[in-house]
Amino acid sequence: VTMLANRFAAKALARRAFLSNSAIGGVRGMASTEAYDDYGKHIFTGKVAESYLQKHGASGDILKDPSWTKNHADVVAAAVLDWAVDNGANTFCHWFQPMASSGVRHGQTGQVQNMMMKFDRDTNEVAFDFKGKDLIKGETDGSSYPNGGLRGTHCAGGYLAIDTSSPIFLRGDTIFVPSAFVSYYGNALDEKTPLLRANAALDKQGTRLLKHLGLDASEHGGLVTNIGLEQEIFLIPRDQYYRRPDLQLTGRTVIGRDAPRGQEMCDHYMAPLSSATPALACMQEIQEECWKMGIPLKTRHREVAPNQFEFAPLFGTNTTQIDQNMWVMQIIEEVAPRHGLAALLQEKPFNEVNGSGKHNNWSIATADGTQLLLPKAINAATNNEYAFPVIMAALVAAIDEHGDLMRMAISSPGNDFRLGACEAPPAIVSTYLGEDMTFYLEHFKDGKGTGEYVPGVKTLDLGVKEILPFEVPAEDRNRTSPFPYGGARFEFRAVGSSQNVSMVNTVLNTIAAEKFGEFADRIDAGEDPLDVAKEALNRHWRVIFNGNNYDEEMQQMLTDRGVWRIDSGVEAIHTLTSEKNINLFEKMGVMSKEECESREVVLHDHYAGTVEMEAKCLIDMINQHIIPSVKKAGVGPLAELEAAVGTISEAVSGIHGAGSSYEAAQLARVLRLETMVDIRATCDAAEEVVPADLWTLATYKELLFLDSHVGPGMEELYE
């Protein structure tokens with residue numbers, strides 16, 4: 001496999017060298033982008049959509065108004081068909097995002113692929129056939145998707161409607177139509193529908209507040225939320241991956257003795273991407289596939305843990321970015337095997353080294369680009385020097401009041417092992433604003449200062465003539481905060497790497513919308529906007545914390561303050577159905593009581609199901625690998641291992657006998673974080689004493705150090 005992987009790397013590098021030399025030898029302008037002409041050719045938007053719609057007497061502008069689905073559906077369908085055929089596609093599908101897919105469903109999406117053709121039985125002739133009605137909606141069997149009791153087995157209809165906020169993609173021979181997925185009665189069976197509703201709520205309530213502050217957002221296309229998603233992954237040798245049933249079936253190692261080397265030297269972080277291993281060529285190919293689909297996957301680098309890497313795109317509207325992130329994760333998993341690698345997206349694949357996150361950078365803007373979280377921009381647009389502190393006051397209040405929902409939104413099973421482990425913020429939901437802004441807001445709320453907030457800068461002088469003094473922001477980064485302000489955006493750092501972040505952004509938009517609406521209601525009733533903002537800051541000031549969130553004394557201080565702290569992801573999920581939160585979602589028109597209740601069941605079932613798979617893998621690994629190795633070696637804790645199998649089996653039976661999904665998830669958490677942790681220690685003790693030639697499972701040394709397992713050199717491959 002190493003030879004194969006390096007062969008792929010050699011081919012990729014040789015191809016790049018050829019293209020580079022060809023460009024140099026040809027005639028072109030300096031810094032030509034000719035080599036990137038394929039960027040976006042497989043996404044139906046911009047110049048691609050414009051060129052095909054013009055052939056049918058229309059303009060790309062019609063796609064900007066969702067009413068095209070009623071007024072121009074046949075024209076758009078004809079243009080899409082031409083584009084598809086020109087790019088080798090003859091198949092389409094409505095592409096949707098079922099609930100509870102992370103860690104188990106490849107690509108985390110659902111689809112039924114149908115050919116865009118009709119067949120004449122009399123003549124045996126075929127012809128292309130794709131109408132507007134085929135494009136804008138569909139129907140499928142929804143009976144086998146998680147629904148949490150939202151629909152009965154005999155009510156199996158699942159209905160699909162195109163999401164006009166996110167463009168159509170093409171990959172291979174298929175076009176993918178981003179769609180919402182609902183039941184016969186309109187209940188959300190997917191991740192996307194609540195997000196679209198939350199977007200509408202934020203637009204409505206935020207527009208109301210901004211009008212009081214001096215800006216009519218409706219004249220600027222309304223409000224949108226933009227996000228940028230940093231995707232962390234592990235790339236490991238595929239031959240060793242096949243020697244780990246736990247990685248194959250659950251995405252994480254349920255046992256494994258630490259290697260003599262980990263991340264303690266910080267040597268992997270942002271180190272050069274070596275051409276001697278297949279990782280670089282794999283990342284390059286991932287980027288190339290994404291670029292064709294209009295996904296601007298601009299950044300790549302090594303992360304902290306051995307074999308850990310990161311991609312990051314440019315930001316964009318939340319629905320497009322989430323759809324693109326679904327594709328990024330799928331493409332990562334599909335490209336890696338071509339290079340002899342396996343990609344791991346799970347939050348904590350390995351013990352005692354960092355896990356992976358997906359930082360969700362969140363901002364609000366008018367559709368034409370005015371940033372609400374950028375002081376200078378929003379104050380100028382409103383002609384109001386206090387617009388920014390009023391908006392920030394609403395968001396501080398939202399974070400403090402609904403920290404439980406923010407914690408719920410990041411309760412993916414893998415985050416059990418990641419939050420608070422000095423690699424991700426703890427499960428205490430505070431926000432970092434920086435001393436500069438905190439000072440300003442404190443004086444604002446206490447009536448001690450006037451004027452607008454102007455972010456400070458400072459000058460660094462290194463004392464050498466070769467490097468001139470340069471400016472940096474007044475505020476340092478705070479990577480320990482779960483929700484720090486970063487200049488024009490907040491960064492939700494605690495999000496898990498395998499997550500579909502629709503629920504994360506549904507929550508952020510909904511809680512912001514509620515507070516914007518509350519502020520607008522009070523101003524409508526005659527209160528002064530500044531008084532409303534000052535009162536909110538005074539009431540919710542406790543949630544602002546600029547210190548070290550990893551410090552246990554500081555964690556206790558925040559807990560004593562009353563800041564939301566929910567250590568258990570299972571309990572955090574349960575808050576989804578609290579009276580406060582059901583009222584919130586219903587008031588904002590985002591989810592009904594029934595939808596909240598069903599989603600809690602789905603999330604708890606997903607958690608318990610994940611733990612059950614891990615437990616069964618552990619049983620198999622003990623029975624089929626560890627016990628035989630211990631017996632053959634004649635050393636190791638044989639009796640303890642044999643007893644452990646019964647302990648795990650009994651616990652799994654207890655989960656099956658639970659009276660509710662919530663109870664099952666509670667039992668699963670105990671099994672995972674207590675029982676299985678103790679049994680892991682026994683298994684790792686066996687690995688420590690069994691000779692290497694008798695240990696049949698891939699070790700951390702074999703899994704985690706691509707740089708130390710380099711195969712033949714490039715010159716040998718070319719021979």
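Side chains included, hydrogens not; waters and symmetry mates left out as well; all remaining heavy atoms used.
- Ion pairing between Glu288 and Lys292 fails under the 4.0 Å rule for side-chain N and carboxylate O.
- No donor-acceptor pair under 3.5 Å is formed between the side chain of Asn383 and the backbone N or O of Asn379.
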- Item | Test log, rule salt bridge (charged side-chain N to carboxylate O under 4.0 Å, His left out), inputs Arg599 and Glu595 | CA-CA 6 Å; Arg599 208 154 288 247; Glu595 287 172 319; 5.9 Å; no
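- Taking both residues in full, the closest heavy atoms of Ile511 and Ala398 are given as O-CB, 3.5 Å, listed atom of the first, atom of the second, then distance.
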- Message: Does Gln111 form a side-chain hydrogen bond (donor to acceptor under 3.5 Å, both in side chains) with His94? I'd like the steps, not just the answer.
- Response: CA-CA 6 Å; Gln111 58 204 257; His94 289 101; over 6 Å; no
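- Asp61 has a carboxylate O that lies under 4.0 Å from a charged side-chain N of Lys64, or vice versa, which qualifies the two as a salt bridge.
- In this structure, the separation between SG on Cys290 and CZ on Phe311 is 7.5 Å, given to the nearest 0.5 Å.
- Judged purely by atom type and a 3.5 angstrom limit, Thr610 uses its side chain to pair as donor or acceptor with the backbone of His606.
- At a threshold of 4.0 Å, the pair Glu518-Lys515 counts as salt-bridged, since one of the basic side-chain nitrogens sits closer than that to a carboxylate oxygen.
- Taken to the nearest 0.5 Å, the OG1 atom of Thr225 stands 11.0 Å off from the CG atom of Leu372.
- Under the 3.5 Å distance criterion, with hydrogens and angles disregarded, a donor-acceptor pair is assigned to the side chains of Asp524 and His212.
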- Given side-chain hydrogen bond (donor to acceptor under 3.5 Å, both in side chains), test Ser165 with Thr319 step by step and report yes or no. CA-CA 7 Å; Ser165 73; Thr319 51; 2.8 Å; yes
- Query: What's the verdict on side-chain contact (heavy atoms from CB on, under 4.5 Å) for Cys93 and Thr174, showing C-alpha distance, side-chain angles and the deciding distance?
  - Reply: CA-CA 7 Å; Cys93 66; Thr174 305; 4.2 Å; yes
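- In this structure the side chain of Asn199 never reaches within 4.5 angstrom of the side chain of Thr506, judged on heavy atoms.
- A 4.5 Å side-chain heavy-atom check between Asn360 and Leu508 finds at least one atom pair inside the cut-off.
- Judged purely by distance below 3.5 Å, without hydrogens or angles, the side chains of Asp323 and Gln97 pair a donor atom with an acceptor atom.
- The heavy-atom pair separating Gly110 from Pro98 by the smallest distance is N-CD, 3.6 Å.
- Between Ile162 and Trp68, some side-chain heavy-atom pair lies under the 4.5 Å cut-off.
- Gln287 places a side-chain N or O within donor-acceptor distance of the main-chain N or O of Leu297, the cut-off being under 3.5 Å.
- Inspection of the Asn318 and Asn226 side chains reveals no N or O donor paired with an N or O acceptor under 3.5 Å.
- Listed for the Asn361 side chain is no donor-acceptor partner under 3.5 Å among the backbone atoms of Ile227.
- Remark: the backbone N or O of Tyr485 is not paired with any side-chain donor or acceptor of Glu491 at under 3.5 angstrom.
- Using a distance-only test at 3.5 Å, with no hydrogens or angles considered, a donor-acceptor pair links the side chain of Asp134 to the main chain of Lys131.
- Enclosure of atom OH in Tyr39 by more than 12 non-hydrogen atoms of other residues, nucleotides or ligands within 6.0 angstrom is indicated.
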- Query: After noting the C-alpha distance and the side-chain angles of Asp190 and Thr193, does the key distance pass the side-chain hydrogen bond (donor to acceptor under 3.5 Å, both in side chains) rule?
  - Reply: CA-CA 6 Å; Asp190 65 346; Thr193 300; 2.8 Å; yes
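- Taking the side chain as every heavy atom from C-beta outward, His402 and Glu514 approach each other to under 4.5 Å.
- Ion pairing between a basic and an acidic side chain is recognised when a charged N comes within 4.0 Å of a carboxylate O; Asp163 and Lys192 show such pairing.
- Within the 6.0 Å centre-distance limit, the rings of Phe44 and Trp83 are counted as a close aromatic pair.
- Using a 4.5 Å heavy-atom threshold, the side chains of Phe92 and Val80 count as separate.
- With respect to the salt-bridge test (charged N to carboxylate O, under 4.0 angstrom), the residues Glu334 and Arg171 qualify.
- Checking Gln231, Glu230, Glu310 one by one against Lys358, the side-chain hydrogen bond (donor to acceptor under 3.5 Å, both in side chains) holds for a single residue, Gln231.
- The CG atom of Leu229 sits 8.5 Å away from atom CE of Met326, with the distance rounded to the nearest 0.5 Å.
- Nearest heavy-atom pair, Thr164 versus Pro66, reported as atom, atom and distance to 0.1 Å: OG1-CB, 3.5 Å.
- Side-chain atoms of Trp327 and Gln330, non-hydrogen and from C-beta on, do get closer than 4.5 Å to each other.
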- Task: Mind running side-chain hydrogen bond (donor to acceptor under 3.5 Å, both in side chains) on Trp362 and Asn509 for me, showing each step along the way?
- Result: CA-CA 10 Å; Trp362 178 83; Asn509 284 12; 3.0 Å; yes
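- Here the side chain of Glu586 pairs no donor or acceptor atom with the backbone of Asn583 at under 3.5 angstrom.
- Looking at heavy atoms from C-beta onward, Ile175 lies out of side-chain contact with Phe169 at the 4.5 angstrom threshold.
- Nearest approach of Phe516 to Leu395, heavy atoms of both residues: CZ-CD2, 4.1 Å.
- Between Asp120 and Lys118, no side-chain nitrogen of the basic residue sits less than 4.0 Å from a carboxylate oxygen of the acidic one, so the salt-bridge criterion is not met.
- Side-chain N or O atoms of Asn87 include none that pairs as donor or acceptor with a backbone N or O of Ala89 at under 3.5 Å.
- For the side-chain hydrogen bond (donor to acceptor under 3.5 Å, both in side chains) with His220, the lone residue among Thr370, Asp368, Thr366 that qualifies is Asp368.
- Between the side chain of Ser183 and the backbone N or O of Asn187, at least one donor-acceptor pair lies under 3.5 Å.
- When all heavy atoms of Gly221 and Ala367 are compared, the closest pair comes out as O-CB, 3.5 Å.
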- Task: Tell me, with the steps shown, if Leu170 and Met293 meet side-chain contact (heavy atoms from CB on, under 4.5 Å).
- Result: CA-CA 7 Å; Leu170 184 152; Met293 298 174 71; over 6 Å; no
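- When atom types are taken as modelled, the side chain of Tyr52 and the backbone of Leu81 share no donor-acceptor pair closer than 3.5 angstrom.
- Shortest non-hydrogen contact noted between Ile43 and Gly294 is CG2-CA, 3.9 Å.
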- Message: Using the rule given for side-chain contact (heavy atoms from CB on, under 4.5 Å), can you reason through Asn90 versus Phe130, listing the C-alpha separation, both sets of side-chain angles and the distance that settles it, and then say yes or no?
- Response: CA-CA 10 Å; Asn90 61 6; Phe130 187 59; over 6 Å; no
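- Side-chain rings of Tyr159 and Phe181 stay apart, their centers remaining 6.0 Å or farther from each other.
- Gln108 and Ser102 are not linked by any side-chain donor-acceptor pair at a separation below 3.5 angstrom, with hydrogens and angles left out of the test.
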- Message: Please evaluate residues Phe176 and Ile168 with respect to the criterion side-chain contact (heavy atoms from CB on, under 4.5 Å), reporting the C-alpha separation (whole Å), side-chain torsions for both, the decisive distance (0.1 Å), and the verdict.
- Response: CA-CA 6 Å; Phe176 298 84; Ile168 299 166; 5.8 Å; no
- Task: Could you walk me through whether Glu289 and Arg338 pass the salt bridge (charged side-chain N to carboxylate O under 4.0 Å, His left out) test, one step at a time?
- Result: CA-CA 13 Å; Glu289 283 216 24; Arg338 301 175 198 164; 2.8 Å; yes
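- Side chain to side chain, Gln346 and Ser497 fail the donor-acceptor criterion of an N or O pair below 3.5 Å.
- Surrounding OH of Tyr184 are at most 12 heavy atoms belonging to other residues, nucleotides or ligands under 6.0 Å away.
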